[in-house]
Number of protein chains: 2
Amino acid sequence: MSKAPDKPVSSSQRALHELREKIFAGDLPAGSDHLESELAGLLNMSRTPVREAVLTLEGQGLLELRPRKGVRILPVSPEDMAEIYDVLTELESLAAQRAAEAGYDADALRLLTEAIDDMDVAIAEQDLEAWAAADDRFHAELVHLGGNSRIAGIVGMMIDQVRRARKTTLFMRPLPTQSNEDHRQVLQAIASGDATLARAVHRRHRQHAKSIIVSLLAKHRLRYL
Amino acid sequence: MSKAPDKPVSSSQRALHELREKIFAGDLPAGSDHLESELAGLLNMSRTPVREAVLTLEGQGLLELRPRKGVRILPVSPEDMAEIYDVLTELESLAAQRAAEAGYDADALRLLTEAIDDMDVAIAEQDLEAWAAADDRFHAELVHLGGNSRIAGIVGMMIDQVRRARKTTLFMRPLPTQSNEDHRQVLQAIASGDATLARAVHRRHRQHAKSIIVSLLAKHRLRYL
DNA sequence: GCATTTATTTGCGTATGCATTAATACATCC
DNA sequence: GGATGTATTAATGCATACGCAAATAAATGC
């Protein structure tokens, strides 16, 4: 891959990306408070770009600004998970329907297919991280094919909000073999142009995921992730 | 109403509210570009709080930051309208369903009922502005009763995005008498606890609204609002 | 004339400093 | 001893300044 010698990325953007990463990595743990100056020091920049990044991240629901107490990394409760999965269920179902209506050919569905294959491989190798990454790609590509940019954006935001939480629950449950069966059915329905089926199957898929996660959190008494 | 003598609202918040209002009022027209310094001058403050407000508004999809060309007030195309109404259809339908499942009594449904009554009055008086305001209240209260805060937030954002556009189309179509029939049916279904019906009726309501608006825009060749 | 290069302007990104105000510690009074 | 008022601290909100890069204008070469 040819690369530009160096892309001069602005401090604001760097703050945005690095803070996101640190939140996902648990480097900035859920529920923790951080002063603007602390974050600025952490990233070796002044407060200004940090403030801008933090403003944006607040809009994405990843943290909360509490004047004089610092920015709080938002924890995700089981109720939050339920809310988020409900949103995903509704919006992704429509995306699946629309993708089926669009009548994509096999080539256009390649990314979707690859993601599913990758998940199979990951499951066989018991590589849950790789599975999660491929799962993300599947759902991102699905909403992309759905053709509604707002849905794609919202779904992305919601998935970001559950990223941390999902990572911890990932290792608490059996291998998601059934999940990939669902994915294949969705793909099948889209490829055959059956919009109603695509919608129904994907809806069931997400509802099932929701119940799995929610009951898992309840079982382990996990209130905040 | 008793009021605090004066609430010292921050400049950032003032910028946020005033810019929003100016966008909705068409004071900052769709598609227009504005330099940060221009907006700062307009609001009598420095660039800093303006930048913060603009960042937030970008996240809400009301404007776009194009460095060196100014912030552009985002126009809404017919395709955007279609996207937005699709999102509203999916998310509000679930809210209606959940509201019905929650089993609210008549008192809890008072705001919803009042909004409907207000719309009847507004229609009788041919006061479209009042009708639109009451319609907003109906939909806001519906998603509130749905109990999913994220849905409420997203729906609010989407409605903000179509505000300007809706205002102009409002006077191009017949009185929305049928619309309020739908509202009553939704209320009825919620009051009687029929979640499936509530969902179905509201879905039809929003889909109908979408087709009305989209065909209206097509008919009048309105590409950007 | 047209294109290409150079100069100039101008808007933005970021750092910095200050004033404001909330939170905390302290002191005083009942 | 508890409560209320005051002082101190410290974090934020905002204004300002400055350097850089992009856009525009000017100039030079062909």
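Lettering follows sequence order; numbering is per chain, from 1. Treat the numbers as computed from the prediction; the structure is a model and nothing was measured.
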Nearest-Å distance for atom pair CG/C1', residues L65(A) and dG13(D):
12 Å
For S46(A) and H34(B), find the nucleotide of DNA chain C closest to each by heavy atoms; which residue's nucleotide sits nearer the 5' end?
H34(B)
Length of the line joining D33(A):CG and dA10(D):C1', which is rounded to integer Å:
16 Å
Rounded to whole Å, the NZ-C1' distance (K69(B) to dT24(D)) equals 12 Å
Is there side-chain contact between V76(A) and R223(A), with at least one heavy-atom pair below 4.5 Å?
no
Looking at R137(A), H202(A), H183(A), which one forms a side chain to side chain contact (heavy atoms under 4.5 Å, CB included) with L142(A)?
H202(A)
I want to check one thing: is the phosphate of dG13(D), taken as OP1 and OP2, less than 4.0 Å away from some side-chain N or O of S11(B)?
no
Nearest whole Å is fine: how far is dG13(D) C1' from E58(A) CD?
15 Å
Below 3.5 Å, does any donor atom in the side chain of R68(A) face an acceptor in the base of dA11(D), or the other way round?
yes
Whole angstrom is fine here: how far is it from CD in Q13(A) over to P in dC12(C)?
15 Å
I'd like to know if R47(B) reaches the base of dG11(C) with its side chain such that a donor and an acceptor end up less than 3.5 angstrom apart.
no
Which of V87(B), I151(B), L94(B) passes side chain to side chain contact (heavy atoms under 4.5 Å, CB included) with E90(A)? It is L94(B)
In whole angstrom, what separates L43(A)'s CG from dA15(C)'s P?
11 Å
Just checking, is any N or O donor in the side chain of Q60(B) or R20(B) under 3.5 Å from an acceptor N or O on the other one?
no
Kindly say if T48(B) contacts the phosphate of dC14(D), meaning a side-chain N or O under 4.0 Å from OP1 or OP2.
no
Round to the nearest Å and state the distance from R66(B) atom CZ to dT10(C) atom P.
20 Å
Presence of R51(B) side-chain N/O under 4.0 Å of dC12(C) phosphate oxygens OP1/OP2:
no
Regarding the side chain of E52(A), the nearest nucleotide among dA15(D), dG17(C), dT14(C) is dT14(C)
From CG of L16(A) across to P of dT14(C) the rounded distance in Å is 12 Å
Could you check, using the six-membered ring where one of them is a Trp, whether H205(B) and H139(B) have ring centers closer than 6.0 angstrom?
yes
S10(A), nearest nucleotide to its side chain (from dT14(C), dA11(D), dC14(D))
dT14(C)
Would you mind classifying the nucleic acid contact of E36(B) as base, sugar-phosphate or nothing, using non-hydrogen atoms under 4.0 angstrom?
sugar-phosphate
